[in-house]
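Quick note on labels: first sequence line is chain A, next is B, and so on, each numbered from 1.
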Amino acid sequence: MSNRPELLAPPEIFYDDSEARKYTSSSRIIDIQARLSERALELLALPVDGIPRLLLDIGCGSGLSGETLTENGHQWIGLDISQSMLNIASEREVEGDLLLGDMGQGLALRPGIIDGAISISAVQWLCNADKSSHEPRLRLKAFFGSLYRCLARGARAVFQVYPENIAQRELILRSAMHAGFAGGVVMDYPHSTKSRKEYLVLTCGPPSISTSVPRGKGEYGESCSEDESSEENQMVCISDRNRPKKKQKISRKGKGREWIFKKKEQLRRKGNAVPPDTRYTGRKRKARF
Amino acid sequence: MRLFTHNMLSSNIKGVANGFPLRIEAEQVLEKQVDFNPDFLRNLFPKLEWKALVDGARALGYAELPEAADSSMLESEEFLRKFHHALLELHLEEGALTCPETGRKFPVNKGIPNMLLHEDEETSLQLPGSLGSQMLVRITGKQ
């Protein structure tokens with residue numbers, strides 16, 4: 001990720017009509033958001049009794065995450081600050097009710113009624129001061145305070161976040177703890193910079209066995225392949241000190257001719273202009289080349 | 001916006017003690033069919049404010065709900081159907097929600113209520129001793 005959107009503009013300006021449409025029509029983003037929402041829903045640990053629950057989707061955007069909630073049979077209320085994103089959500093006729101609002105102003109909901117809350121890729125926006133009147137710490141406090149109030153006893157909140165750095169993650173966690181939440185961070189695939197995803201799992205009410213933080217995926221030495229086409233896990237072996245095995249074996253003598261041919265073929269497939277393969281490709285050069 | 005959301009919404013303007021329920025002013029109401037799920041209704045019933053639901057339904061043009069309801073009525077299919085219709089199938093498309101204490105209107109456009117607070121209504125800006133503005137003065141004051 002070269003540039004974080006949070007550093008470019010406030011969310012209601014960054015996600016204008018064209019950006020909102022681009023975001024929602026990208027199949028890659030749809031796929032990622034669906035997977036993140038499924039995992040967040042899993043971490044919510046709602047009782048499996050077939051009864052639909054009332055959930056909150058914070059930073060619902062164009063409804064990509066909300067659709068996962070609907071697919072699992074739940075009723076949801078979505079909150080977002082960008083009118084453009086919400087317009088797209090209405091266009092797509094999502095099943096949940098949408099609210100235009102700012103989570104940093106506090107959630108305008110009655111106490112004790114929400115069975116669970118998820119937020120996909122949204123809470124990190126709170127850490128930036130987008131207006132001169134904003135003080136992120138207060139906004140986080142208003143958000144977590146109001147969230148704690150409106151959640152039912154024993155309910156959970158799961159936030160998939162992209163914190164900019166450790167300080168931001170600490171800030172978010174601390175604000176949550178101050179509001180009365182218990183819980184922690186679940187990190188999936190901690191060893192892969194590409195696949196690593198973190199979920200803040202918060203619980204309302206006294207800690208118990210059911211509120212202990214679940215293990216993240218990838219902590220048992222499971223590796224995730226860096227293959228672009230699939231994300232299937234390979235059970236490698238022992239401890240998580242092992243670096244995930246890449247499908248391509250890098251020969252100890254550096255990258256040979258075979259590797260160069262493979263790479264050029266890959267680039268050709270992508271459509272780049274690649275010089276043709278000749279007998280000079282990858283030939284041994286003088287030592288002081 | 002449907003009545004099940006309206007039943008959860010409260011006004012969070014600074015200084016408001018009881019912002020629930022928001023009064024509904026309906027300009028355009030739509031009806032959309034939703035699958036009937038009695039388990040969901042039974043589960044949600046204890047959390048709802050029944051009076052707010054009845055008033056809200058009336059504001060949207062549906063007056064079939066009984067004034068008072070208790071959990072024994074949840075056994076009756078007929079009651080559940082009316083409950084389902086009022087709660088999940090009536091959509092407020094255009095109109096406004098009014099805070100009961102301050103009278104401030106939250107407009108509803110295309111079914112989406114605009115709950116954004118103006119700066120003077122936000123509680124999250126209240127720093128003890130309004131440090132924010134003091135800090136600005138201090139920075140510009142020191143030459």
Side-chain angles (χ1 to χ4, degrees), chain A residues 12 47 49-54 56 70 73-81 83 85-87 89-91 93-115 126 129 131-146 149-150 152, chain B residues 1-14 16 18-22 32 34-35 37-44 46-49 52 87-88 91-93 97 99 106-127 131-133 135-136:
Chain A
E12 66 269 30
D49 50 13
I51 302 181
R53 291 304 201 284
L54 180 53
L56 200 53
T70 301
H74 299 296
Q75 292 287 350
W76 53 279
I77 301 175
L79 177 78
D80 202 271
I81 198 176
Q83 181 75 62
M85 288 291 251
L86 289 176
N87 287 343
S90 327
E91 249 174 63
E93 301 201 342
V94 291
E95 293 286 328
D97 274 358
L98 305 167
L99 297 173
L100 174 63
D102 182 351
M103 58 169 124
Q105 291 179 342
L107 302 169
L109 299 167
R110 268 195 301 125
I113 43 166
I114 303 285
D115 297 319
L126 260 187
K131 294 193 189 124
S132 57
S133 52
H134 277 182
E135 161 60 62
R137 250 175 283 256
L138 288 179
R139 288 166 56 74
L140 282 162
K141 179 174 166 196
F143 169 58
F144 281 114
S146 54
R149 258 200 327 269
C150 73
Chain B
M1 185 203 67
R2 294 171 286 177
L3 283 175
F4 95 93
T5 302
H6 165 258
N7 211 278
M8 310 292 157
L9 277 176
S10 142
S11 158
N12 62 340
I13 298 175
K14 183 166 77 182
V16 165
N18 185 18
F20 178 84
L22 296 166
K32 291 185 202 169
V34 172
D35 288 337
N37 190 327
D39 286 325
F40 175 68
L41 298 171
R42 285 194 195 103
N43 207 32
L44 191 61
K47 296 188 188 170
L48 287 179
E49 285 285 321
L87 193 70
L88 297 171
H91 283 254
L92 176 63
E93 283 293 306
L97 300 171
C99 170
F106 295 100
V108 180
N109 297 105
K110 294 194 261 204
I112 304 176
N114 182 340
M115 308 297 295
L116 286 169
L117 297 175
H118 305 310
E119 270 187 37
D120 51 341
E121 295 169 326
E122 279 188 53
T123 32
S124 54
L125 296 181
Q126 267 179 334
L127 267 166
L131 192 61
S133 50
M135 262 175 72
L136 271 174

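For B:Asp35, no part sits under 4.5 Å from any heavy atom of chain A, backbone or side chain. Interface remark: A:Ile77 contributes side-chain atoms only to the contact with chain B (heavy atom separation under 4.5 Å). In this structure, chain B has heavy atoms under 4.5 Å from both the backbone and the side chain of A:Arg53. For a residue to count as touching a neighbouring chain, one of its non-hydrogen atoms must lie under 4.5 Å from one of that chain's; by this rule A:Leu107 touches chain B with the backbone only.
Smallest separation of non-hydrogen atoms from A:Glu95 and B:Arg2: O-NH2, 2.6 Å. Across all non-hydrogen atoms, the minimal contact from B:Phe4 to A:Trp76 is CZ-O, 4.0 Å. Counting all heavy atoms, side chain and backbone alike, A:Ser90 lies closest to B:Lys110 at OG-O, 4.4 Å.
For the side-chain contact (heavy atoms from CB on, under 4.5 Å) with A:Leu54, the lone residue among B:Asn43, B:Thr5, B:Leu44 that qualifies is B:Leu44.
Contact check for A:Glu93 versus B:Lys32: no side-chain heavy atoms found under the 4.5 Å cut-off. The closest side-chain heavy-atom distance from A:Asp102 to B:Leu117 is not below 4.5 Å. Counting only heavy atoms from C-beta outward, the side chains of B:Leu9 and A:Leu109 approach each other to under 4.5 Å. Considering only heavy atoms from C-beta on, A:Gln75 stays 4.5 Å or farther from B:Asn37 through its side chain. Two residues are said to be in side-chain contact when any heavy atoms from C-beta on lie closer than 4.5 Å; A:Gln83 and B:Ile112 meet this criterion. In this structure, A:Ser146 and B:Asn12 have side chains that are not in contact, with every pair of non-hydrogen atoms separated by 4.5 Å or more.
Applying the side-chain contact (heavy atoms from CB on, under 4.5 Å) criterion to B:Asn18, with sequence neighbours excluded, gives B:Phe20, B:Glu101. For B:Ser11, the side-chain contact (heavy atoms from CB on, under 4.5 Å) partners at least two apart in sequence or on another chain are B:Ile13, B:Val16, B:Leu22, B:Cys99, B:Phe106.
Note: B:Asn109 CG to A:Leu86 CG = 11.5 Å, rounded to the nearest 0.5 Å. Summarising the geometry, atom CG belonging to A:Asp97 is positioned 6.5 Å from atom NE2 belonging to B:His91; distances are rounded to the nearest 0.5 Å. One distance of note links CE of B:Met115 with CG of A:Leu99; it measures 6.5 Å at 0.5 Å rounding.
Within 6.0 Å of CZ in A:Arg137 there are 12 or fewer heavy atoms belonging to other residues, nucleotides or ligands.
Looking only at distances, a side-chain donor or acceptor of A:Arg110 sits under 3.5 Å from a matching main-chain atom of B:Asn7.
If you tally non-hydrogen atom pairs under 4.5 Å between each of A:Gly101, A:Ala108, A:Gly145, A:Cys150 and chain B, the highest count goes to A:Ala108. Note on A:Ile81, A:Asp115, A:Leu140: by heavy-atom pairs under 4.5 Å with chain B, the leading option is A:Asp115. Per-residue counts of heavy-atom pairs under 4.5 Å with chain B were compared for A:Ile113, A:Asp49, A:Ile51; the largest is that of A:Ile113.
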